[in-house]
Amino acid sequence: MDVRESLRSALRDALETAGVDPVPEVITLERPANPEHGDWSSNVALATAKAAGRNPRELGQQLVDHCAANLPPHVTAVEIAGPGFVNFHLGDSWLHDVLADVVEAGTDGFARSDVGAGSSVNIEYVSANPTGPLHAGHARWAAYGDALSRLFAHCGYAVHREFYVNDRGVQTELFGASLTARAAGEEPPEDGYQGGYVTEWAEELPGAADPVAWGIERAQADQRQVLMSMNVEFDRWASERSVVQSGEMEKAIDELRAAGYVFEDDGAMWLRTSDFGDEKDRVLFKSDGDATYFVPDIAYHHQKYDRGELVIDILGADHHGYVKRMAAAMQMMGHAAESYEVLVGQNVTLVRDGAEVRLSKRAGTMIEARDLVELAGADVARLTFLLQSIDTTQTIDLDLLVAQSNENPVYYVQYANARVHSLARQAKEREIARLPLADVDLSLLTHERELALLRSLSELPDVVIRAVENRGPHQVTMWTRECAAALHGFWHDCPILRDDVDDAIRQARMWLVEATRIGLGVGLDLLGVSAPESM
RNA sequence: GCCCCCGUAGCUCAGUGGAUAGAGCAUCGGUUUCCUAAACCGUGAGCGCAGGUUCGACUCCUGCCGGGGGCGCCA
């Protein structure tokens with residue numbers, strides 16, 4: 001049984017014995033930051049004392065007494081501490097069990113969770129307009145959306161990834177007109193596309209082609225290619241044009257009208273989104289009869305529920321104003337408020353030579369996603385994007401990104417991974433083979449570095465669950481850094497293949513490295529990063 | 001004016017309502033007859049301000065200050 005389960009069960013028994021009724025559903029266990037507070041700690045006495053009309057410290061003491069009299073597996077001591085924490089001190093054997101569990105689970109099974117079993121999620125991300133290359137911001141959403149998808153999948157969710165292509169409307173017309181102008185050697189229209197890529201692509205434009213349709217194809221091909229180079233793929237490239245042509249729009253409007261939220265004013269058709277918290281109502285059909293982008297978007301989002309019961313949009317900060325109106329529309333169509341989720345991420349700022357690089361299509365200083373991948377490589381680019389929360393504006397120093405040095409945090413993790421793989425190579429060269437795990441005495445792993453590494457590995461399953469709940473893949477990145485640090489420390493102080501190392505210890509350490517290979521492998525895979533096996 | 005995000009160490013950032021707030025980089029000093037020193041060890045310094053909720057607040061709530069983004073019958 002998992003350590004946590006046996007500790008929880010012990011606490012439940014203790015609470016019952018102490019006369020706490022009802023026993024709380026959730027019993028929280030934490031890993032204390034301070035080693036003096038044990039290996040696992042529970043605040044259950046603090047959390048329940050008030051409702052039970054008890055003194056937290058006294059209740060805690062009762063729990064401690066009960067647990068001490070019925071020690072759960074691995075537990076060596078139970079103490080009351082502070083205002084009423086129950087702290088469990090465990091023998092190293094629990095960490096040795098962790099090693100065996102990791103190895104048994106392997107790369108496919110370690111840190112998996114079934115919290116999403118039977119549930120499905122539809123995630124839309126990037127969804128850039130097909131009017132030009134992806135820029136650095138899009139690359140952030142690509143890395144984020146892909147990693148989040150991987151996390152959901154690792155937790156048992158059925159995941160469907162979509163990219164919505166706005167392949168109709170004013171912007172695409174302008175883009176086509178810009179291509180046509182450049183092809184004729186003229187300047188693009190006033191509010192057209194000025195970027196250098198338009199001139200380049202215009203040279204490829206076949207004379208007979210429809211510039212709008214051709215331009216959309218060209219831009220999409222460009223975007224797909226960059227995404228592929230970042231190892232980001234989608235299950236569906238949804239076309240706005242198709243949504244419009246499918247008749248789904250009309251059906252959606254009918255539903256909204258039937259629900260009573262559609263009204264006419266000033267010759268336009270409106271949706272009463274203000275009933276659902278939007279700051280004002282929104283136009284569906286303009287007074288000239290044309291649909292706004294909002295209409296096909298509603299139809300598309302409604303349709304997405306066929307491909308996932310939880311619908312998630314990942315948007316840049318410049319689209320946050322759009323959230324409430326779409327949430328309103330989905331609720332009008334009968335979708336529960338919590339079934340539609342928008343993750344709004346902040347911008348990317350690029351710095352070069354110590355100064356901010358202004359992203360301007362006009363000035364030609366746009367940093368494309370392609371530039372980042374070419375500069376740094378897909379792995380470094382992705383891991384860099386996943387270093388921090390999407391709630392923060394990310395500043396990427398291009399000089400640092402490119403530097404193949406320890407100034408770049410990415411290499412710290414990659415180096416740990418390389419070391420793990422190098423051990424296998426070295427062992428092979430020296431003809432040292434691992435014995436079957438069952439024949440190896442893991443209790444020889446007692447060095448503080450070995451235990452620290454095992455502690456780190458023991459945390460990944462919880463990190464994964466927390467990361468998916470918080471929609472925060474960066475928490476996995478943080479873990480890989482911590483695990484890498486533990487590996488480096490272990491590597492420094494605990495020789496493995498050296499001649500003077502005892503055979504039995506060598507075997508145990510080789511298995512520890514194997515478990516670390518699995519752990520780092522799972523962590524990096526969740527981030528979509530394929531770290532090199534050598535550097 | 002309204003809406004969203006942020007404000008933590010010199011810099012870039014972590015921090016599921018818990019106990020003494022952590023990493024990397026930068027600074028200074030140390031470690032290699034030994035599996036890659038892209039490593040390890042030591043070193044100083046911090047929660048924007050003011051209230052509130054709570055047994056307990058960096059975390060939740062309110063206000064203020066500061067930075068970024070957004071408020072179209074554009075997408």
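To find a chain, count down the sequence lines: A is the first, B the second, and so on, and within it residues start at 1.
Taking the six-membered ring for Trp, A:Y340 and A:H301 have ring centres closer than 6.0 Å.
Donor-acceptor pairing under 3.5 Å, judged by distance alone, is present between the side chain of A:N34 and the base of B:rU20.
Checked against ring pair (Phe, Tyr, Trp, His ring centres under 6.0 Å), A:F294 has no partners two or more places apart in sequence or in another chain.
Look at the C1' atom in both B:rU33 and B:rU27: the space between them is 32 Å, to the nearest Å. The gap from the C1' atom of B:rC47 to that of B:rG15 amounts to 11 Å, rounded to the nearest Å. With both ends at atom P, the span from B:rG56 to B:rA39 equals 44 Å, rounded to whole Å. Separation of the P atoms belonging to B:rA26 and B:rG67 is 31 Å when rounded to the nearest angstrom.
Side-chain nitrogen and oxygen atoms of A:R506 include none within less than 4.0 Å of the OP1 or OP2 phosphate oxygen of B:rC35. At least one side-chain nitrogen or oxygen of A:T392 sits closer than 4.0 Å to the OP1 or OP2 atom of B:rA14. For A:Q475, a side-chain nitrogen or oxygen approaches OP1 or OP2 of B:rG15 to under 4.0 Å. OP1 or OP2 of B:rC40 sits under 4.0 Å from a side-chain N or O of A:Y412. Between A:R449 and the phosphate of B:rA39, there is no side-chain N or O to OP1/OP2 separation shorter than 4.0 Å. Here A:T395 reaches the OP1 or OP2 of B:rC13: one of its side-chain N or O atoms lies under 4.0 Å away.
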Review point. In dot-bracket form, how is RNA chain B paired, counting a Watson-Crick or G-U wobble pair only if both its distances are under 3.5 Å and using | for bases paired to another strand?
Key: (((((((..((((....[...))))..((((.......)))).....(((((..]....))))))))))))....
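For the pair A:D462 CG and B:rG15 C1', the interatomic distance rounds to 16 Å; values are reported in whole Å. As rounded to whole Å, 12 Å separates atom C1' of B:rA26 from atom CG of A:L400.
Set against B:rC35, B:rC4, B:rC40, the side chain of A:H320 has B:rC4 as its closest nucleotide. Checking B:rA39, B:rA75, B:rC35 against the side-chain heavy atoms of A:R325 singles out B:rA75 as nearest. The nucleotide whose nearest atom lies closest to any side-chain atom of A:E240 is, among B:rG24, B:rA19, B:rA75, B:rA75. In the set B:rU20, B:rA75, B:rG15, B:rU20 carries the atom at the smallest distance from any side-chain atom of A:E36.
RNA chain B is contacted by both A:H37 and A:Q388; A:Q388 maps to the nucleotide lying nearer its 5′ end (nearest heavy atom per residue).
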Name every donor-acceptor pair, under 3.5 Å, that has one atom in a side chain of residues 491-498 of chain A and the other anywhere in the protein, sequence neighbours excluded.
residue : atom : partner : partner atom : Å
A:D493  : OD2  : A:R449  : NE           : 2.9
A:D493  : OD2  : A:R449  : NH2          : 3.4
A:R498  : NE   : A:D500  : OD1          : 3.0
A:R498  : NH2  : A:D500  : OD2          : 2.9

